[in-house]
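Notes follow the structure.
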Amino acid sequence: MAATAVLLRPVTPPDYLRITSPTFRIPSDPQVSIPVGILACQRDPLLRQINTTVVSCTVCQPPTAPTGKKTKKAVLAPTLPTGPILEVILHDTVIFPEGGGQPTDTGIITTEDGKAWSVLQAKRHGGHAVHYVEVTDSDLESALQAFASGSKVTAALDDAGYDRRYDHMSMHTSQHLLSALLETRLNLPTLSWSLTAYPQPCYVELPRGMTPEEILAVQTEANKLVFEGRKVHVEVEELDRDQEQPVEKLESGRSVGRGLPEDYTGGVKRIVIIDGVDKNPCCGTHLPSLHNLQLFILPHTDALSRSNTTSARLYFLAGPRLIAHTTATHKYLADTASALSCGAPLVPDRVSQVIEERKRAEKRVSDCEEQLAQYISRDLISDLKAIPDALFKKHIHRTDDSGNALGFLSFIASAFTANLPPDAKPHLIILSSSFSVQSSAGTTVVLVAGSDDKLVKAAGDALKGRLGVKGGGKGPRWSGKFTGVWKEAKEGVAVEEILKETN
Ligand SMILES: [Zn+2]
């Protein structure tokens with residue numbers, strides 16, 4: 001009999017949301033928008049869709065060009081298309097509006113006529129979640145009609161939207177866990193954190209770097225709590241702004257952690273609690289348990305230097321992002337091992353060996369080039385002695401696939417100058433070098449050297465004018481690059497003519 005596996009979708013436990021103010025009620029009037037803090041996505045983070053009602057809908061006014069200093073965006077936000085967009089406020093939603101360092105969800109709203117509309121982003125305006133709905137294949141008038149106040153709609157996270165959210169929740173809950181352990185075990189406050197674009201590691205910013213031992217200890221402790229499957233829940237109470245403590249600031253003036261945003265007008269205070277580990281005001285969506293999270297901290301910190309402070313970034317991965325990272329790094333390692341024909345554990349040694357061999361080979365090539373340059377320069381000097389002309393002129397063209405052919409031409413010119421007898425007559429040499437396989441985009445390097453700066457400049461100018469060689473020089477040296485196929489019968493002949501005409 002074939003085995004079957006039935007995968008049940010995870011559900012949020014009923015005690016996840018705990019309302020601690022006795023008088024507090026979640027608005028039930030469908031014409032009232034539930035404030036950010038107790039939206040469906042925040043009450044039940046695993047819920048994928050909800051039937052709800054449109055409270056309001058307006059056409060999105062594109063923002064006017066920002067004036068003055070550009071501020072760095074704190075949270076990753078999508079770039080909206082230029083087409084028409086509606087700003088829709090619903091009674092309730094499963095689509096999380098960006099906040100608390102967590103980027104926006106993307107999702108779908110289905111209107112009563114069965115049409116599905118893309119929600120490109122959701123943002124908090126004051127205390128309310130605003131959905132940015134893309135209007136594509138309908139005119140603005142009928143779009144506004146579909147979202148008329150009081151209309152019944154379904155807000156949902158599609159598969160891509162849910163995967164995105166699940167990743168954000170995994171990283172956000174991990175950040176709370178990590179920051180709590182850093183704070184309580186090492187007295188390291190989290191200055192800020194970044195939920196980077198998938199699948200990059202996220203990071204927390206700390207006042208100092210950490211030792212590998214500290215990092216490992218925090219990771220081990222975090223994963224013990226993950227294995228235990230510590231529960232996470234949310235406590236909500238009515239917000240009394242007068243009771244709020246100001247956020248602690250460092251000497252540098254930077255805030256430690258986050259308080260409630262100043263423009264938040266929802267009237268709800270929301271605390272996210274990891275049982276026995278952490279209590280933190282936060283509006284983000286969090287997994288109901290640490291179970292299956294796994295936390296991997298990249299075993300190094302990046303130091304950041306600013307004018308008034310030195311801080312460090314500690315990178316971490318968890319959940320689906322950790323699996324993506326492990327899969328990718330395993331592939332890099334397997335590919336490298338295969339290229340080196342060795343087992344994965346031998347890769348570091350083999351790579352060091354290859355680098356060492358390469359350094360030695362480069363040194364050997366350089367030594368050989370210097371030696372060869374001596375021979376070529378001696379040939380040039382015997383030509384100079386043998387030819388009776390008052391001005392010795394010569395062009396040598398080489399074929400060389402080295403990435404630094406000009407370096408070798410330079411060796412030749414230097415050796416030539418160094419080996420010249422003191423009474424040598426005036427001279428002008430042009431050296432050029434092309435790759436063995438040439439193309440229209442390929443380049444040929446050209447070097448001019450001579451006893452008279454004026455002659456060198458005249459030859460350089462002629463190479464520019466006649467062959468379009470791009471280059472320049474100073475004193476007795478001029479060098480440049482010719483782009484295209486270098487033919488002996490054309491470019492070679494042109495160089496000979498330039499030499500003939502230079503006197
Ligand atoms: Zn948070």
Side-chain angles (χ1 to χ4, degrees), residues 12 16-18 20 35-46 73-77 95-105 122-124 127 129 164-184 188-198 201-206 218 222 225-226 230-237 239 244-248 254-264 266 268-290 293 295 297 313-319 321:
T12 307
Y16 177 78
L17 178 78
R18 303 177 194 176
T20 52
V36 174
I38 43 161
L39 293 169
C41 54
Q42 295 168 313
R43 303 191 304 269
D44 182 350
L46 299 172
K73 267 200 99 62
V75 179
L76 209 63
I95 300 169
F96 175 73
E98 77 170 45
Q102 186 177 326
T104 175
D105 282 352
K123 279 177 108 166
R124 181 178 60 76
R164 177 183 158 91
R165 156 77 85 67
Y166 196 89
D167 166 57
H168 290 167
M169 290 198 285
S170 300
M171 296 314 294
H172 197 164
T173 307
S174 300
Q175 180 264 319
H176 279 221
L177 173 63
L178 178 58
S179 291
L181 293 177
L182 291 169
E183 176 92 50
T184 52
L188 275 176
T190 295
L191 304 173
S192 66
W193 82 288
S194 179
L195 206 167
T196 52
Y198 179 89
C202 295
Y203 62 83
V204 287
E205 209 180 306
L206 306 173
V218 166
L225 297 162
V226 169
R230 284 287 172 115
K231 281 198 157 50
V232 178
H233 74 271
V234 167
E235 286 180 4
V236 172
E237 61 180 289
L239 175 65
E244 288 304 298
Q245 300 288 327
V247 175
E248 188 195 334
R254 297 188 72 196
S255 301
V256 176
R258 286 171 199 270
L260 277 163
E262 275 166 21
D263 63 336
Y264 176 68
V268 176
K269 187 176 170 190
R270 189 170 182 268
I271 312 279
V272 176
I273 294 148
I274 304 174
D275 282 357
V277 181
D278 185 43
K279 261 185 168 197
N280 217 338
C282 178
C283 73
T285 56
H286 287 272
L287 288 164
S289 154
L290 300 187
L293 207 57
L295 188 66
I297 307 177
R313 278 181 186 172
L314 178 66
Y315 291 87
F316 63 98
L317 290 153
R321 220 176 264 227

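Every number for a ligand or one of its atoms is a count from 1 in the order of the listing.
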All side chain to side chain donor-acceptor pair (under 3.5 Å) counterparts of [X], not counting sequence neighbours:
X: Ser174; value: none
X: Arg321; value: Asp167, Thr196
X: Thr12; value: Asp44

Validation row: Glu183, Thr190 side chains within 4.5 angstrom (heavy atoms): no
For the Zn ion (ligand 1): protein N/O/S atoms at distances below 2.8 Å: 3
Closest non-hydrogen atom pair, Tyr16 against Pro45: CE2-CD, 3.3 Å
Test side chain to side chain contact (heavy atoms under 4.5 Å, CB included) applied to Ser194 and Arg313, step by step: CA-CA 10 Å; Ser194 179; Arg313 278 181 186 172; over 6 Å; no
